[in-house]
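I have placed the structure first, in the form of structure tokens, so that the comments after it can refer back to it.
Hydrogens, waters and symmetry mates are skipped; everything else that's a heavy atom, side chains included, is used. Everything numeric here is computed off the predicted structure, so don't read it as measured data. Every chain is numbered from 1 and lettered A, B, ... according to where its sequence line falls, protein lines coming before strand lines.
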There are 2 protein chains.
Amino acid sequence: MTATGFETHDHSACISTALAAAETCCTEHRLQFTKVRRRVLEILLHEHRALGAYDILAVLAGEGLGAQPPVAYRALEFLVSNGFAHKIEKLNAYIACSLPGQDHSPVFMICRSCQTVVEAQTVLPAGQLAQVARDAGFDIERAVIEAEGTCPACRNSKDAASDAPGTKA
Amino acid sequence: MTATGFETHDHSACISTALAAAETCCTEHRLQFTKVRRRVLEILLHEHRALGAYDILAVLAGEGLGAQPPVAYRALEFLVSNGFAHKIEKLNAYIACSLPGQDHSPVFMICRSCQTVVEAQTVLPAGQLAQVARDAGFDIERAVIEAEGTCPACRNSKDAASDAPGTKA
DNA sequence: ATCTGTAATGTAATACTATATCAACCCGCA
DNA sequence: TGCGGGTTGATATAGTATTACATTACAGAT
Ligand SMILES: [Zn+2]
Ligand SMILES: [Zn+2]
Ligand SMILES: [Zn+2]
Ligand SMILES: [Zn+2]
């Protein structure tokens with residue numbers, strides 16, 4: 001039931017909450033939450049992982065919502081620039097935001113073994129990175145932070161494997 | 001004469017130092033610093049900014065060193081995986097490392113107005129980001145950190161412009 | 001001196017990611 | 001009723017990266 005960490009959670013609630021939040025936010029800001037935009041956010045929320053633009057496009061095409069790249073890219077651009085989704089630069093992929101409405105610089109953790117991508121639930125304090133930039137006289141507006149490593153699940157299964165060395169080696 | 005910040009520096013010395021360091025490092029680690037690899041590093045060092053793989057390829061092609069994408073990508077892969085260069089994910093571009101031999105997770109600052117990319121000279125301490133990851137049970141191996149903002153030069157010229165409001169507005 | 005395995009290259013073709021462009025459309029509004 | 005902005009549809013194209021396979025270069029073993 002936790003928000004969206006590496007643990008499991010109530011996924012359908014997670015989807016509907018996020019959709020409702022997006023809807024409200026769009027109404028407030030006079031943004032048009034059109035059919036394609038809504039559907040793309042749904043797809044991202046449903047999969048709950050990073051998807052390539054063409055993965056999304058394939059789903060849309062299967063539903064008759066558009067088959068050309070600009071359809072997907074336009075919707076993604078809308079979602080990203082309004083904070084409902086993020087782009088994972090390292091993967092050229094997109095993922096629904098886990099902290100919508102919080103105006104944050106996202107921090108992602110990408111698992112090398114299972115490719116799971118999780119957005120950190122803790123907002124990174126502006127300390128060290130800002131200091132490094134200040135040393136260089138640079139004004140930071142936004143930052144891409146993407147960590148690669150091993151997620152809890154994969155670490156556990158790796159540990160288990162090394163405990164029991166009977167795996168055909 | 002400073003290393004490679006936003007300030008100016010002795011560029012030819014900067015190039016030859018870095019090349020010599022790479023050469024030494026390759027000798028020590030039994031790596032083949034071949035003609036193409038060396039040339040690509042030279043190009044990156046010479047330009048001293050982020051270059052796309054196809055920019056590099058164009059130079060190589062002009063010199064008869066190879067005209068097909070894999071030529072550039074192989075050399076870049078070698079340079080990146082041995083720490084002589086980095087990829088800027090946000091730009092799909094490559095840049096020579098400013099801190100070769102230091103085994104660091106690079107931090108880049110990308111200027112929105114002039115597209116200059118500078119690698120921070122301060123190595124980021126492992127504090128906050130590691131803490132955020134630990135909260136999620138995630139083991140970080142590497143991290144991509146790319147900050148977008150305004151470099152000192154562009155900030156100054158912007159300030160000057162707003163001081164003297166006679167620029168056709 | 002020849003063999004052999006590995007790393008590096010050469011080359012072509014293709015896959016994947018993203019944008020440019022322009023006409024048509026819809027909707028809120030003067 | 002007509003205008004203007006944002007959205008959409010459709011085609012084309014640009015930009016980035018990989019696969020595949022043939023070939024060459026070279027170090028170490030025979
Ligand atoms: Zn987010
Ligand atoms: Zn994992
Ligand atoms: Zn570096
Ligand atoms: Zn600048």
Side-chain angles (χ1 to χ4, degrees), chain A residues 22-23 25-41 43-44 49-82 84-95 115 117 144 146, chain B residues 22-23 26-27 29-41 43-44 49-82 84-95 115 117 144 146:
Chain A
E23 200 136 4
C25 178
C26 286
T27 306
E28 279 172 8
H29 296 81
R30 309 279 141 78
L31 299 169
Q32 301 181 224
F33 198 45
T34 65
K35 201 152 92 171
V36 175
R37 292 169 180 178
R38 184 193 177 89
R39 186 67 191 116
V40 170
L41 182 54
I43 293 166
L44 288 175
R49 62 192 176 90
L51 293 176
Y54 282 68
D55 295 335
I56 291 164
L57 184 57
V59 177
L60 293 179
E63 298 171 353
L65 279 173
Q68 289 72 33
V71 173
Y73 282 101
R74 289 200 276 237
L76 288 168
E77 158 67 16
F78 173 87
L79 296 174
V80 168
S81 65
N82 292 108
F84 305 130
H86 300 290
K87 178 176 185 184
I88 313 289
E89 297 289 347
K90 179 93 194 175
L91 305 177
N92 290 319
Y94 302 81
I95 193 167
Q115 281 69 252
V117 176
V144 171
E146 298 171 0
Chain B
E23 200 136 3
C26 286
T27 306
H29 295 80
R30 305 281 140 75
L31 299 170
Q32 299 180 227
F33 197 46
T34 65
K35 201 152 91 173
V36 175
R37 290 170 180 177
R38 183 193 177 88
R39 185 70 190 114
V40 171
L41 181 54
I43 294 166
L44 288 175
R49 62 193 175 90
L51 292 176
Y54 281 69
D55 295 334
I56 291 164
L57 184 57
V59 177
L60 294 179
E63 299 171 351
L65 280 173
Q68 285 72 35
V71 174
Y73 281 101
R74 282 170 186 151
L76 288 168
E77 158 68 17
F78 173 87
L79 295 174
V80 168
S81 66
N82 292 109
F84 304 129
H86 301 292
K87 179 175 184 185
I88 313 290
E89 297 288 346
K90 180 91 193 174
L91 304 177
N92 291 318
Y94 302 82
I95 194 167
Q115 281 68 255
V117 176
V144 171
E146 298 170 2

Report the nucleotide, chosen from C:dA7, C:dA18, D:dA17, that has the shortest atom-to-atom distance to any side-chain atom of B:A53.
-> D:dA17
Among the nucleotides C:dA18, D:dT18, C:dA20, which one has an atom lying closest to any side-chain atom of A:P70?
-> C:dA20
Report yes if a side-chain nitrogen or oxygen of A:Q68 is closer than 4.0 Å to either non-bridging phosphate oxygen (OP1 or OP2) of D:dG9; otherwise report no.
-> no
Return no unless some side-chain N or O of A:R30 is found under 4.0 Å from OP1 or OP2 of D:dG6.
->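 No, A:R30 has no side-chain N/O under 4.0 Å of OP1/OP2 on D:dG6.
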Rounded to the nearest Å, what distance is computed from the [atom1] atom of residue [X] to the [atom2] atom of nucleotide [N]?
X     : N      : atom1 : atom2 : answer
A:L60 : D:dT8  : CG    : C1'   : 13 Å
B:L57 : C:dT11 : CG    : P     : 12 Å
A:N92 : C:dC16 : CG    : P     : 13 Å
B:K90 : C:dT17 : NZ    : C1'   : 15 Å
A:F33 : D:dT7  : CZ    : P     : 13 Å
A:I56 : C:dA18 : CD1   : P     : 10 Å
A:R38 : D:dT8  : CZ    : C1'   : 19 Å
B:R39 : C:dA8  : CZ    : P     : 21 Å

Looking at every strand, decide which applies to B:K35 at a 4.0 Å heavy-atom threshold: base, sugar-phosphate, or nothing.
-> nothing
Checking all strands, does B:Y94 fall into the base, sugar-phosphate, or nothing category for heavy-atom contacts under 4.0 angstrom?
-> sugar-phosphate
Does B:R38 make a cation-pi contact with B:F33, if we ask for NZ or CZ under 6.0 Å from the ring centre and within 45° of the axis?
-> no
Does A:K90 pair with B:E89 as a salt bridge, N-O distance under 4.0 Å?
-> yes
Look at the side chain of B:R74 and the base of C:dG10, then say whether one donor and one acceptor between them are separated by less than 3.5 Å.
-> yes
Would you say whether A:Y54 stacks on C:dT17? The test is a distance between ring centres of less than 5.5 Å and an angle between planes of less than 30°.
->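 Per 5.5 Å and 30° rule: yes, stacked.
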